[in-house]
Amino acid sequence: MVDQGVIKILLVDDQPLLRMGFRLILEGEENFHVVGEASDGNEAVRKVEELQPDVVLMDVRMPTMDGIEATRRISDAGSEARVIILTTFDLDEYAFSGLQAGASAFLLKDVAPVELVHAVRLVASGDAVVAPRVTQRLLETYVRGGSVPGQSPSPHRDPLLDDLTPRETEILTTIAEGLSNAEIAHKFFLSEATVKTHVRRILSKLQLRDRVQVVVYAYETGLVVPSNPDY
């Protein structure tokens, strides 16, 4: 997690012009530093290990190794780097697969510069989900897998849930609904500092990387049921 100082960024895309565009935007920020670029997933995995970036902007459709497999390998290796999946449209099965593989967020490739900068800061901080309502809609669309529309999947209860206190279970549900720390604090009449403490404990107890992984976890374990079968 990055609390202050320079945020190191790795750009991964097989289109040099897109990498150049992102680099120009990001390096215009005082505390952003693009430490490297990669044109495919294999190169991305190597450069994450070599350069130790804080945030990776990861395209999904690339030759040799796609961004989903690269994200999975980066996550499985225990890297502290947080991956933002780049996709072409919001309800994208590749974006959902990226979240399952360990990505912290996803962005559309035509994202506005100010939104790109904001997203990188959010993901680096570890305290927020990028576009939580869109992320929720993505999960509601794909988390059911092959189940019948309108019905929830058949999840199995994770024993790790038994380690949560009643308050932590309540907060877990609100994170999964896309609420920010401020919104959770308001709902439960708590300070934001207290909410942050609860969130850290939830992540630790459930062995999850960040808030978006909490959202994925909650849907996959049935704690949150897809609300709109027409998505």
Side-chain angles (χ1 to χ4, degrees), residues 1-62 65-68 70-75 77-88 90 92 94-95 98-99 101-135 178 180-182 192 196 199-200 203 209-213 215:
M1 183 182 299
V2 179
D3 295 319
Q4 58 184 1
V6 174
I7 297 173
K8 297 182 295 181
I9 304 162
L10 176 68
L11 305 177
V12 184
D13 198 289
D14 62 342
Q15 299 180 42
L17 286 177
L18 190 63
R19 298 198 307 268
M20 181 185 299
F22 282 151
R23 177 184 282 273
L24 289 172
I25 293 168
L26 296 170
E27 290 197 331
E29 297 296 310
E30 185 175 349
N31 65 329
F32 283 8
H33 177 43
V34 177
V35 294
E37 299 182 13
S39 59
D40 61 58
N42 274 322
E43 189 179 7
V45 173
R46 291 196 305 271
K47 289 203 171 183
V48 165
E49 183 177 0
E50 173 189 349
L51 302 172
Q52 299 292 305
D54 302 305
V55 176
V56 181
L57 289 179
M58 179 80 75
D59 187 22
V60 287
R61 297 168 181 85
M62 296 181 293
M65 180 192 294
D66 65 31
I68 305 306
T71 297
R72 182 175 293 108
R73 294 192 186 191
I74 290 167
S75 179
S79 171
E80 293 295 320
R82 298 184 185 278
V83 177
I84 299 177
I85 292 291
L86 298 172
T87 184
T88 52
D90 56 4
D92 187 344
Y94 289 98
L99 296 181
S104 295
F106 74 96
L107 286 176
L108 299 180
K109 281 193 171 184
D110 61 356
V111 61
V114 65
E115 293 175 359
L116 174 64
V117 169
H118 182 57
V120 170
R121 292 193 191 282
L122 284 177
V123 169
S125 75
D127 283 336
V129 174
V130 176
R133 302 301 190 270
V134 178
T135 302
S180 67
N181 284 347
E192 284 194 51
K196 286 183 179 181
V199 172
R200 283 196 297 269
L203 293 174
R209 287 167 57 87
D210 52 32
R211 292 173 70 102
V212 78
Q213 296 306 309
V215 179

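Values in this document were obtained by computation on a predicted structure and should not be read as measured data. Residue numbers count from 1 along this sequence.
In plain terms, the two heavy atoms of Val48 and Ser79 that are nearest each other are CG1-OG, 3.5 Å. Across all non-hydrogen atoms, the minimal contact from Leu51 to Gly36 is CD1-CA, 4.0 Å. Heavy-atom minimum distance, Ala70 versus Met58: CB-CE, 3.8 Å. Considering all non-hydrogen atoms of both residues, Val120 and Val55 come closest at O-CG2, 4.0 Å. In this structure, Ala105 and Val123 approach most closely via the heavy-atom pair CB-CG2, 3.9 Å. Pro53 and Val35 make their closest contact through CB-CG2, 4.2 Å (heavy atoms, listed as atom of the first residue, atom of the second, distance).
In this structure, Ser75 OG and Gln213 CD are separated by 6.5 Å, a value rounded to the nearest 0.5 Å. In this structure, CZ on Arg73 lies 13.0 Å from CD1 on Ile68, to the nearest 0.5 angstrom. Between atom CZ of residue Arg211 and atom OG of residue Ser180 there is a gap of 7.0 Å, rounded to the nearest 0.5 Å. For the atom pair NZ of Lys196 and CG of Asn181, the computed distance is 6.5 Å after rounding to the nearest 0.5 Å. Within the model, atoms NZ of Lys109 and CG of Leu18 stand 5.5 Å from one another, a figure rounded to the nearest 0.5 Å. Put simply, CG on Asp13 and CG on Asp40 are 11.0 Å apart, with the number rounded to the nearest 0.5 Å.
Arg19 pairs by the side-chain hydrogen bond (donor to acceptor under 3.5 Å, both in side chains) definition with Glu37, not counting sequence neighbours.
You'll find the side chain of Leu57 stays beyond 4.5 Å of the side chain of Val83, heavy atoms only. The shortest side-chain heavy-atom distance between Met65 and Val45 falls under the 4.5 Å cut-off. Annotation: side chain of Ile7 is in contact with side chain of Asn31 (closest heavy-atom distance under 4.5 Å).
A salt bridge between Arg82 and Asp210 is present, with a side-chain N of the basic residue lying under 4.0 Å from a carboxylate O of the acidic one. A salt bridge is defined here as a Lys NZ or Arg NE, NH1 or NH2 lying under 4.0 Å from an Asp or Glu carboxylate O, and Glu50 with Arg46 fails to meet this definition. Salt bridge status for Arg61 with Asp14: absent, with no side-chain N to carboxylate O gap under 4.0 Å.
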(request) In sequence, state the C-alpha distance, the side-chain angles, and the governing distance for Leu99 and Ile85, and then conclude on side chain to side chain contact (heavy atoms under 4.5 Å, CB included). (result) CA-CA 8 Å; Leu99 296 181; Ile85 292 291; 5.8 Å; no

(request) List the steps and the verdict of side chain to side chain contact (heavy atoms under 4.5 Å, CB included) for Leu86 and Val60. (result) CA-CA 7 Å; Leu86 298 172; Val60 287; over 6 Å; no

(message) I'd like to know whether Phe32 forms a side chain to side chain contact (heavy atoms under 4.5 Å, CB included) with Arg121, so could you lay out the CA-CA distance, the side-chain angles of the two residues, the decisive distance to 0.1 Å, and finally the verdict.
(response) CA-CA 9 Å; Phe32 283 8; Arg121 292 193 191 282; 3.5 Å; yes

(request) Apply side chain to side chain contact (heavy atoms under 4.5 Å, CB included) to the pair Met62 and Val12, showing each step before the final yes or no. (result) CA-CA 9 Å; Met62 296 181 293; Val12 184; 3.6 Å; yes

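With Asp54 contributing its side chain and Ala81 its backbone, the two residues share no donor-acceptor pair below 3.5 Å. Between the side chain of Lys8 and the main chain of Gln52, a donor-acceptor pair closer than 3.5 Å is present.
Annotation for Glu49: atom CD does not count as buried by contact number, only 12 or fewer foreign heavy atoms lying within 6.0 Å.
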